[in-house]
Amino acid sequence: MDSSSATVNLDAYLQRITYEGNIAPTLETLQAIHLHHAIAIPFENLTPLLKQPVLLDLNSLEKKLIYDRRGGYCFEQNLLLRSVLVALGFRVKNLAARVVWNLPEGTISPRTHMLLQVEIDNAAYLADVGFGGLTQTAPLLLTPDLEQQTPHEPFRLIATDQTHTLQAKLGHKWKSLYRFDLQEQHLPDYEVSNWFVSTHPSSRFVTGLMAACWSCCSAIARSGWLASNCINSRIADR
């Protein structure tokens with residue numbers, strides 16, 4: 001990652017997400033940390049909504065998400081998670097996605113979402129703790145056409161040419177969330193996208209409140225005036 005050599009405070013992070021389990025770089029550890037992070041650190045956009053800068057350096061992320069016990073959106077959430085996973089010895093690749101949630105078929109959106117690819121025992125997993133009310137609460141195998149269970153709704157990946165589309169099963173319907181390829185991203189890529197979504201006058205992150213938090217089996221999401229509280233199958237307005 002194109003950033004400073006700062007190292008995340010693992011003890012403070014693990015205390016923040018209330019995790020006391022094994023920290024060896026295994027699938028079980030990734031699953032546990034992914035779930036604990038999603039439950040402990042909420043998704044929210046208060047900083048750009050208040051016209052304040054969204055800072056992506058590690059010291060700022062630690063202060064906001066760990067010490068100040070705030071939440072954040074995808075770049076903040078997944079950059080912090082990335083720093084933790086790298087410190088624990090995981091092999092992590094940075095990816096970017098085009099959000100297609102609730103957009104007309106064929107819409108080409110900018111790459112404004114961050115996600116992670118984590119390699120464990122020659123298998124690739126998708127990790128993402130920053131997609132609003134439909135954040136996955138478990139890592140997913142990067143394998144197409146496989147329905148994968150999580151502590152909340154099932155997910156699957158649809159592969160087309162060189163891209164993957166992540167879908168969530170809401171009730172009996174599959175809904176597309178975002179589309180991505182495996183081109184590696186770097187901090188300057190995220191800084192440009194972060195600046196756009198946190199300052200552009202048409203960005204949803206500066207025009208209305210968005211927040212979501214989770215328990216072990218439910219989620220509460222708020223977007224503007226609409227709130228949803230759905231057990232198991234979450235229906236959230238991101």
Next on the checklist: I need the minimum non-hydrogen distance between Gly208 and Leu49, along with the two atoms involved.
Outcome noted: N-CD1, 3.7 Å
Next on the checklist: Is it the case that the side chain of Thr18 and the backbone of Gln15 share a donor-acceptor pair, with hydrogens and angles ignored and the cut-off at 3.5 Å?
Outcome noted: no
Item to check | Check: Gln136 main-chain N/O paired with His152 side-chain donor or acceptor under 3.5 Å | outcome: no
Checklist entry - Do any N or O atoms from the side chain of Asn45 and from the backbone of Met210 form a donor-acceptor pair under 3.5 angstrom? => result yes
Next on the checklist: So does Val99 get a backbone contact from the side chain of Ser109, meaning a donor-acceptor N/O pair under 3.5 Å?
Outcome noted: yes
Item to check | Pairwise side-chain contact, Asp181 with Arg111, heavy-atom cut-off 4.5 Å (strictly under) | outcome: yes
Checklist entry - How about Leu50: does its CG atom have over 12 heavy atoms from other parts shown lying under 6.0 Å from it? => result yes
Checklist entry - Should Leu95 and Val192 be counted in the same cluster of Ile, Leu, Val, Met, Phe, Trp and Tyr side chains packed under 4.5 Å apart? => result no
Checklist entry - Could you go step by step and tell me if Glu28 and Asn22 meet the side-chain contact (heavy atoms from CB on, under 4.5 Å) rule? => result CA-CA 8 Å; Glu28 291 75 18; Asn22 191 355; over 6 Å; no
Checklist entry - Do the non-hydrogen side-chain atoms of Leu116 and Asp128 ever get within less than 4.5 Å of each other? => result no
Next on the checklist: Using side-chain contact (heavy atoms from CB on, under 4.5 Å), reason through Ile120 and Thr26 one step at a time and then give a plain yes or no.
Outcome noted: CA-CA 7 Å; Ile120 303 173; Thr26 65; 5.6 Å; no
Checklist outcome for this item: Separation between CD (Gln148) and CZ (Arg156), nearest 0.5 Å, reads 11.5 Å
Checklist entry - When the ring planes of Tyr178 and His113 are compared, do they come out parallel, tilted or perpendicular, using 30° and 60° as the limits? => result tilted
Item to check | Phe131 side chain near Val129 side chain, heavy-atom distance below 4.5 Å | outcome: no
Checklist entry - Considering all heavy atoms of both residues, which atom of Pro201 and which atom of Thr207 are nearest to each other, and what is their separation? => result O-CG2, 3.4 Å
Next on the checklist: With a sphere of 6.0 Å drawn around CG of Asp68, does it hold more than 12 non-hydrogen atoms of other residues, nucleotides or ligands?
Outcome noted: yes
Checklist entry - Is there a side-chain contact (heavy atoms from CB on, under 4.5 Å) between Leu46 and Leu209 once you walk through the steps? => result CA-CA 7 Å; Leu46 290 173; Leu209 173 66; 3.7 Å; yes
Checklist entry - Which heavy-atom pair separates Ser176 from Thr165 by the least distance, and what is that distance? => result OG-CG2, 3.7 Å
Next on the checklist: Using ring-ring contact (aromatic ring centres under 6.0 Å, His included), reason through His200 and Phe205 one step at a time and then give a plain yes or no.
Outcome noted: CA-CA 9 Å; His200 196 279; Phe205 292 95; over 10 Å; no
Item to check | Under 3.5 Å donor-acceptor, Ser60 side chain and Leu56 backbone | outcome: no
Item to check | Shortest non-hydrogen separation from Ser198 to Val206 and the atoms involved | outcome: O-CG1, 3.2 Å
Next on the checklist: Can you confirm whether the side chains of Tyr19 and His37 place a donor and an acceptor under 3.5 Å from each other?
Outcome noted: no
Checklist outcome for this item: Here the gap from Asn78 atom CG to Met114 atom CE, rounded to the nearest 0.5 Å, amounts to 5.5 Å
Next on the checklist: Using modelled atom types and a 3.5 Å cut-off, is there a donor and acceptor pairing between side-chain atoms of Thr163 and backbone atoms of Arg179?
Outcome noted: no
Checklist entry - Within a strict 4.5 Å, meaning less than it, do heavy atoms of the Val118 and Leu30 side chains meet? => result yes
Next on the checklist: Membership question, hydrophobic clusters at under 4.5 Å side-chain separation (ILVMFWY): are Leu79 and Leu55 in the same one?
Outcome noted: no
Checklist entry - Hey, mind stepping through Glu76 and Asn194 against side-chain contact (heavy atoms from CB on, under 4.5 Å) and telling me if it holds? => result CA-CA 9 Å; Glu76 300 167 289; Asn194 175 63; 5.7 Å; no
Checklist entry - Is the backbone of Cys74 close enough, under 3.5 Å, to the side chain of Gln77 for a donor and an acceptor to pair up by distance? => result no
Next on the checklist: Are more than 12 heavy atoms, taken from residues, nucleotides or ligands other than Gln52, located less than 6.0 Å from that residue's CD atom?
Outcome noted: yes
Checklist entry - Okay, side chain of His164, backbone of Leu157: is any donor-acceptor separation there less than 3.5 Å? => result no
Item to check | Sub-4.5 Å side-chain heavy-atom contact between Val8 and Leu80 | outcome: yes
Item to check | Interatomic spacing from CG in Leu61 to OH in Tyr13 - rounded to 0.5 Å | outcome: 12.0 Å
Checklist entry - Distance only, no hydrogens: is a donor on one side chain within 3.5 Å (strictly under) of an acceptor on the other, for Arg70 and Thr47? => result yes
Checklist entry - Of the non-hydrogen atoms in Asn9 and Glu62, which two are nearest, and what is the gap between them? => result N-OE2, 2.6 Å
Next on the checklist: Within the 4.5 Å heavy-atom criterion, are Leu88 and Ile33 side-chain neighbours or not?
Outcome noted: yes
Item to check | Spatial distance of atom NZ (Lys63) from atom CG (Asp57) [nearest 0.5 Å] | outcome: 11.5 Å
Item to check | Side-chain heavy atoms of Leu14 within contact of His36, under 4.5 Å | outcome: no
Item to check | Hydrophobic cluster identity match, Val100 and Leu134, side-chain contacts under 4.5 Å | outcome: no
Item to check | Gap between atom CZ of Phe90 and atom OG1 of Thr29 - 0.5 Å precision | outcome: 5.0 Å
Next on the checklist: Could you check whether any side-chain N or O of Gln185 sits under 3.5 Å from a backbone N or O of Gln183, counting only pairs where one atom can act as donor and the other as acceptor?
Outcome noted: yes
Checklist outcome for this item: Residues Ala12 and Ile66: closest non-hydrogen pair is O-CG2, 3.7 Å
Checklist entry - Leu81 and Leu141: same hydrophobic cluster, using ILVMFWY side-chain contacts below 4.5 Å? => result yes
Checklist entry - Between Arg16 and Leu65, is any pair of side-chain heavy atoms under 4.5 Å apart? => result no
Item to check | Gln117 side chain to Leu182 backbone, donor-acceptor under 3.5 Å | outcome: no
Checklist entry - In the single-linkage hydrophobic clustering (I, L, V, M, F, W, Y; side-chain heavy atoms under 4.5 Å), do Leu103 and Trp174 co-cluster? => result no
Checklist entry - Would you call the rings of Tyr190 and Phe75 parallel, tilted or perpendicular, where under 30° means parallel and over 60° means perpendicular? => result tilted
Checklist entry - More than 12 heavy atoms of other residues, nucleotides or ligands under 6.0 Å from CD1 of Ile23: is that the case? => result no
Next on the checklist: What's the separation between atom CG in Leu140 and atom CD in Gln149, rounded to the nearest 0.5 Å?
Outcome noted: 10.5 Å
Item to check | Atom CD of Glu184 with >12 non-hydrogen neighbours under 6.0 angstrom | outcome: yes
